[in-house]
Every structure is written in C-alpha cells, then in structure tokens.
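Note sheet for the following structure.
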Amino acid sequence: MSDKKIENDGPGAAVAAPKEVQIVELDGHGGHTLEPEWKRLPIGPDHILYPVLVGLALFPILMGDAGHHLADDMPDEDTHPFFPDHFWPYPIIAVVMLIRCRSALGLRTEKPSARASGRPSRRHDSAT
Amino acid sequence: MAIPHPREIQVAVVDWLDERYPFTKAVDEALYQRVPNFANAFYYCFGGMVFILIVFQLLTGVLLALYYVPDATGNPAPAYTSVQFIQNTVYLGWLIRGVHFWSANLLIIMVLVHMARVYWTGSYRAPRELNWMVGVLMLLIILALSLTGYLLPWDTKAYFATEVTIKIAGLTPPQQLGMFIKELLQGGPVVGPPTLQRFFTLHVFVLPALIVLLMYVHFRFIRAHGISEPL
C-alpha cells in the first residue's frame, strides 16, 4: 500500500495525526505543606514511642489522602500541627464523660427493678 | 551472634515498611499536617466528642449484647429479666448500662451542638454541602437508634412509649402507607415479641452498620476538604 492511499480522507483510511494531550490535574498541588521540624515532637522512627505515634496516625491514614487545605498556603505562625494540639483534649473529654455518666447514674432515684415487665395485659405481679 | 537492640529491630521494621510503602511520610503527613490556628477553639471539639460518644455506644452495646436476651415471650419476659440481670448481678453491668444510657442522651445533645457549630461557622457551604447531608443522615440514624433502643428493656415505660410512637408513625398519610409502616414496625396486630425482635435487629445490626459506614464517609470528606475558612 502506498503512502498516498494512507493519507486519503475517509473511514479507516487515515491514521489521526498524533496530538499532544495536555494533562490537567484536578485540585492538583505539589504535595502537602507540613509543619516545620521545630513544631513537631522529637519522636523519630528510632524512638521507643514511635509505635504509639504510628497507632495514632493509622486513623487519618485510613481516612484517605488529604486534599489541598486552607492551611497549606498559610504562614507558619498562623498554623499549628494536628498532633498533639488536636488530639490531647479527647482522652480528657472521654474520662470526664465517664465520670459524668457515673455521677448521673447515681442521681437516678428510680431503679429499673421498680418497674414491671412490658405487656401489662399479661402481667401477674403488682409492682408498678 | 549478638542480640539486636529493640531499637535496631524497630528501625529495621520501619525501613522494611518504607521500602514497600511511603510509611514514615504517611505518618508525618497524618500527624503533622497543618491546622489553622483559628481552629484551635473549643467548639471545634464537638464533632470529636460525638465520635467518642459513638465509640462508647458501640463498645458498651457489644458488652450489653453479651447478656441481653431479645425475647419478649412469657411473663416476665427474658428481655426484661436479662436487663435486670445486667443491672443487678453482672459485674459492673450497672456501669456499662449507665454509660450506654447516658451516652445516648449526651449523643443527641452533642450532635445538635455540633450541627449548630457547623451552621454558625458556615462550614456547610460549598464544597462541603455533601458532608452536611451525610451529617443530617447520621442524625436521623442516631434518632432511629434511640427509638429502637428505647423498647429493648421491655418494661412498661418502654412498651407504652413504643406503642405511642408506632401509632404516630401509623398516622402517616395516605392511610395505606401509614398502615404499612405500622405493620412493618410492629410485626403483628399489637406491640409484642415480633416488635422487639425487629427493633433489636435494627438497633444492633442494621443501624450501627449504617452509622459506621456514614462516619467513614464523613471523615473522608473532612480529610479531603480540610477545615473550612472562617466567615
């Protein structure tokens, strides 16, 4: 087959000229801006507490990649690291809630045992 | 052969993981991502508190399920006596049940407070509308969990409260739909053992699975979108 026939127009006759495809990344950003070293905990991979940090990091890792966040473009002085600043309140809140639950339970004057079983039409006991 | 120091073993494990996956990079990105200082306010904790309460509910719910018997036949019904057993005999059963009960109450309050915060700071706006919708769905599921959980002690209060609730649901127009909902919930002509069985199934299997799934979606969206800019 001659070259001339290949260049003819028509179905199946010509191969489309290669075009340069421009790749456009949605929400593309060149990696995340992390907090500088001086704001981090001095716990590296050789530290005994590193497995604890890994355990804490598993949760956000399982939640998938972070997008381009507002703080990525902010100056250092306007940001703080996620850990420990946004972690430490929760164990304290959990303990306070446990204490609160216990104290609230103590305030309950009516015990469930004072109530009768359901379906009153079939009830035999006289407890109310 | 010298016994390696535990630190050397740890570093070797981390290196092994790093060769197969950007492990330390992922840990750093998870822990040391930047958070704007304006998000360091106490009211940004409300969502986390809701999460803690849901975890409490799941853990105490599993412990309660070890002893609870979802059977409303007979008098007194095993459902009722098993709750009494948990409350009075099981070691720390009163505490587990108390935490489950009070966390359920606190959970609804904290969800509403969290939603008020999201509304107040405008965090429901684009591109976070979908996450707001997921949150509203989670609120509905939490309310459904409260409703279904209320019947499980099978005492008179639970029985009559559920009877009233089902009657209200049965008034949904048109009449045929209302009757269908009532029969679906009740599982018979009156509130009885089939009702308890259905509410137990919803409370223990269906609704917790749904809420865990929606929590995962909610957190993924939060991680993808980040903290919203202030109004």
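Below, chain A is the first sequence line, B the second, and so on; all start at residue 1. If you're wondering where the values come from, they're calculated on a predicted model, not measured in any experiment.
Interface remark: of the candidates B:Phe51, B:Tyr216, B:Phe38, B:Tyr216 forms the most heavy-atom pairs closer than 4.5 Å to chain A. Top candidate by heavy-atom pairs under 4.5 Å with chain A, chosen from B:Glu8, B:Arg223, B:Glu163, B:Arg7, is B:Arg223. In terms of non-hydrogen atom pairs under 4.5 Å with chain A, the most contact-rich of B:Leu196, B:Val55, B:Ile52 is B:Ile52. Among A:Asp65, A:Ile93, A:Thr79, A:Leu62, the residue with the largest count of heavy-atom pairs under 4.5 Å with chain B is A:Thr79. The choice from B:Asp15, B:Val13, B:Val11, B:Leu31 that makes the most heavy-atom pairs within less than 4.5 Å of chain A is B:Leu31. Among A:Ile48, A:Asp85, A:Asp76, the residue making the largest number of heavy-atom pairs under 4.5 Å with chain B is A:Asp76. The choice from B:Ile222, B:Asp18, B:Asp28 that makes the most heavy-atom pairs within less than 4.5 Å of chain A is B:Asp28.
When heavy atoms are compared at a cutoff of 4.5 Å, A:Pro89 approaches chain B solely by way of its side chain, counted from C-beta outward. Both the backbone and the side chain of A:Leu53 come within contact range of chain B, each with at least one heavy atom under 4.5 Å from a heavy atom of that chain. Using a 4.5 Å cut-off between heavy atoms, B:Val27 touches chain A through backbone and side chain atoms alike. Proximity to chain B is absent for every atom of A:Phe87, based on heavy atoms less than 4.5 angstrom apart. Only the side chain of B:Leu53 comes within less than 4.5 Å of a heavy atom in chain A; its backbone stays farther off. For a residue to count as touching a neighbouring chain, one of its non-hydrogen atoms must lie under 4.5 Å from one of that chain's; by this rule A:His80 touches chain B with backbone and side chain alike. Neither the backbone nor the side chain of B:Phe42 comes within less than 4.5 Å of any heavy atom of chain A. Both the backbone and the side chain of B:Ala26 come within contact range of chain A, each with at least one heavy atom under 4.5 Å from a heavy atom of that chain. In this structure, no portion of A:Pro91 lies under 4.5 Å from any heavy atom of chain B.
With hydrogens and angles ignored, the 3.5 Å screen pairs no side-chain donor or acceptor of B:Arg117 with any backbone N or O of B:Phe46. Counting only distance, with no hydrogens or angles, the side chain of B:Gln10 and the backbone of A:His47 share a donor-acceptor pair below 3.5 Å. A donor-acceptor pair under 3.5 Å is formed between the side chain of A:Asp72 and the backbone N or O of A:His69. Under a 3.5 Å cut-off, the side chain of B:Gln57 and the backbone N or O of B:His100 do form a donor-acceptor pair. Remark: side-chain polar atoms of B:Tyr44 are not paired, donor with acceptor, to backbone N or O of A:His86 under 3.5 angstrom. Side-chain atoms of B:Arg97 never come within 3.5 Å of backbone atoms of B:Gln87 as a donor-acceptor pair (strictly under, hydrogens ignored).
Under the ring-ring contact (aromatic ring centres under 6.0 Å, His included) criterion, B:Tyr68 pairs with B:Phe200, not counting sequence neighbours.
Contacts between residues 105-114 of chain B and chain A, defined by a heavy-atom separation under 4.5 Å, are made by no residue at all.
Looking at A:Ile61 and B:Glu29, their side chains never come closer than 4.5 Å, going by heavy atoms from C-beta outward. Within the 4.5 Å cutoff, no side-chain heavy atoms of B:Phe160 are placed close to those of B:Val164. At least one side-chain heavy atom of B:Thr195 sits under 4.5 Å from a side-chain heavy atom of B:Ile166.
If you run ring pair (Phe, Tyr, Trp, His ring centres under 6.0 Å) between B:Tyr159 and each of B:Trp154, B:Tyr150, B:Tyr80, only B:Trp154 comes through.
Side-chain N/O atoms of B:Arg198 and B:Thr148 include no donor and acceptor closer than 3.5 Å.
Remark: B:Arg128 fails to qualify as a cation-pi partner of B:Phe221 under the 6.0 Å distance and 45° angle criteria applied to the six-membered ring.
B:Thr162 OG1 to B:Lys167 NZ: the interatomic distance, rounded to the nearest 0.5 Å, is 12.5 Å.
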